[in-house]
Participant: 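Here's a structure for you.
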Amino acid sequence: MSPIALPMLLAEKNATFWFPPAASTFAAEVDWFYLAILYISIFFFVVVVAALVVFAIKFRRRPGYEGDSKALHNNALEITWTVIPSLVACWIFAQGVNGYMDMMTPPADTIDINVTARKWAWSFQYPNGAISDQLHIPNNQAVLLNMRSEDVLHSFYVPAFRAKTDVVPGRVTTMWFQPILEG
């Protein structure tokens, strides 16, 4: 097994080392995007470090060599190292916007749950009027949380859903997800 295959193996559905179990419809896309950015970063890290080592050896100080006073210039190289990272950054931005829009646009048939955050406690009011301090949601059905804070800034985060939203006092914050695993 190669070290490059390790993160992909660890990102499997029930893995618990690299990612928590994928428990929502968003999780697979978020995990894939995370790993894509990780591999892009590893690739460019290796390229830059390899170039650094090669140039440090090739252009090291040698006795009797004075160097050249003229600055060297290579348009093709400069365009390449500008255009390629720019295209990668644009692709990452486009994928991020696409994923963000998916996570911010709930479907029409959601179960709406009102959430109230207060210091050291959360309360969940279900469509039938029941109120609980624990969130209970059905599997394979979209859930929309309408969240409010009574006092300070709170953060509602479910790592297995790959979903996190800050709950700000004086605002109604919404978040939706569709669970695919029980638990």
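Numbering of residues begins at 1 and proceeds along the displayed sequence. Every heavy atom of this structure was used, including side-chain atoms; hydrogens, water molecules and symmetry mates were not.
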Participant: Would you give the length of the straight line joining atom CG of Asn114 to atom CG of Leu144, rounded to the nearest 0.5 angstrom?
Facilitator: 9.0 Å
Participant: Going by heavy atoms in the side chains, are Tyr100 and Gln95 under 4.5 Å from each other?
Facilitator: no
Participant: Mind checking who shares a hydrophobic cluster with Leu77, ILVMFWY linked at side-chain heavy-atom distances under 4.5 Å?
Facilitator: Trp81
Participant: Write out all pairs satisfying side chain to side chain donor-acceptor pair (under 3.5 Å) with one or both partners inside residues 141-159, taking only residues at least two apart or from two chains.
Facilitator: Arg118-Glu150, Asp151-His154, Ser155-Lys164, Ser155-Asp166
Participant: Report the C-alpha distance between Trp176 and Phe26 in whole Å, list the side-chain angles of each, state the deciding distance to 0.1 Å, and finish with yes or no for side-chain contact (heavy atoms from CB on, under 4.5 Å).
Facilitator: CA-CA 10 Å; Trp176 83 276; Phe26 299 136; 3.6 Å; yes
Participant: Please report the interatomic distance OG1(Thr174) to CG(Asp112), rounded to the nearest 0.5 Å.
Facilitator: 10.0 Å
Participant: Any idea which heavy atoms bring Ala160 and Ala27 closest together, and the distance?
Facilitator: O-CB, 4.1 Å
Participant: Would you compute the distance between atom CE of Met175 and atom CD1 of Ile113 and round it to the nearest 0.5 angstrom?
Facilitator: 11.0 Å
Participant: How long is the span from the CD1 atom in Ile57 to the CG atom in Leu52, to the nearest 0.5 Å?
Facilitator: 9.5 Å
Participant: Enter the distance from Leu35:CG to Ile40:CD1 here, rounded to the nearest 0.5 Å.
Facilitator: 11.0 Å
Participant: For a side-chain contact (heavy atoms from CB on, under 4.5 Å) check, start with the C-alpha distance between Thr25 and Ile180, then their side-chain angles and the critical distance, and finish with the verdict.
Facilitator: CA-CA 7 Å; Thr25 54; Ile180 57 172; 3.8 Å; yes
Participant: Give me the ring orientation class for Phe124 and Tyr126: parallel if the planes are under 30° apart, tilted from 30 to 60°, perpendicular past 60°.
Facilitator: tilted
Participant: Can you name the nearest heavy-atom pair linking Ala76 to Thr80, along with the distance?
Facilitator: O-OG1, 2.7 Å
Participant: For His136 and Ser132, which heavy atoms make the closest approach, and how far apart are they?
Facilitator: CD2-OG, 4.3 Å
Participant: Mind checking the CD1-CD1 spacing from Ile111 to Ile137? Nearest 0.5 Å is all I need.
Facilitator: 8.5 Å
Participant: Once the angle between the rings of Phe161 and Phe177 is folded into 0 to 90°, is it parallel (under 30°), tilted (30 to 60°) or perpendicular (over 60°)?
Facilitator: tilted
Participant: Assess whether side-chain contact (heavy atoms from CB on, under 4.5 Å) is satisfied between Phe43 and Val48, documenting all intermediate values.
Facilitator: CA-CA 9 Å; Phe43 172 77; Val48 168; over 6 Å; no
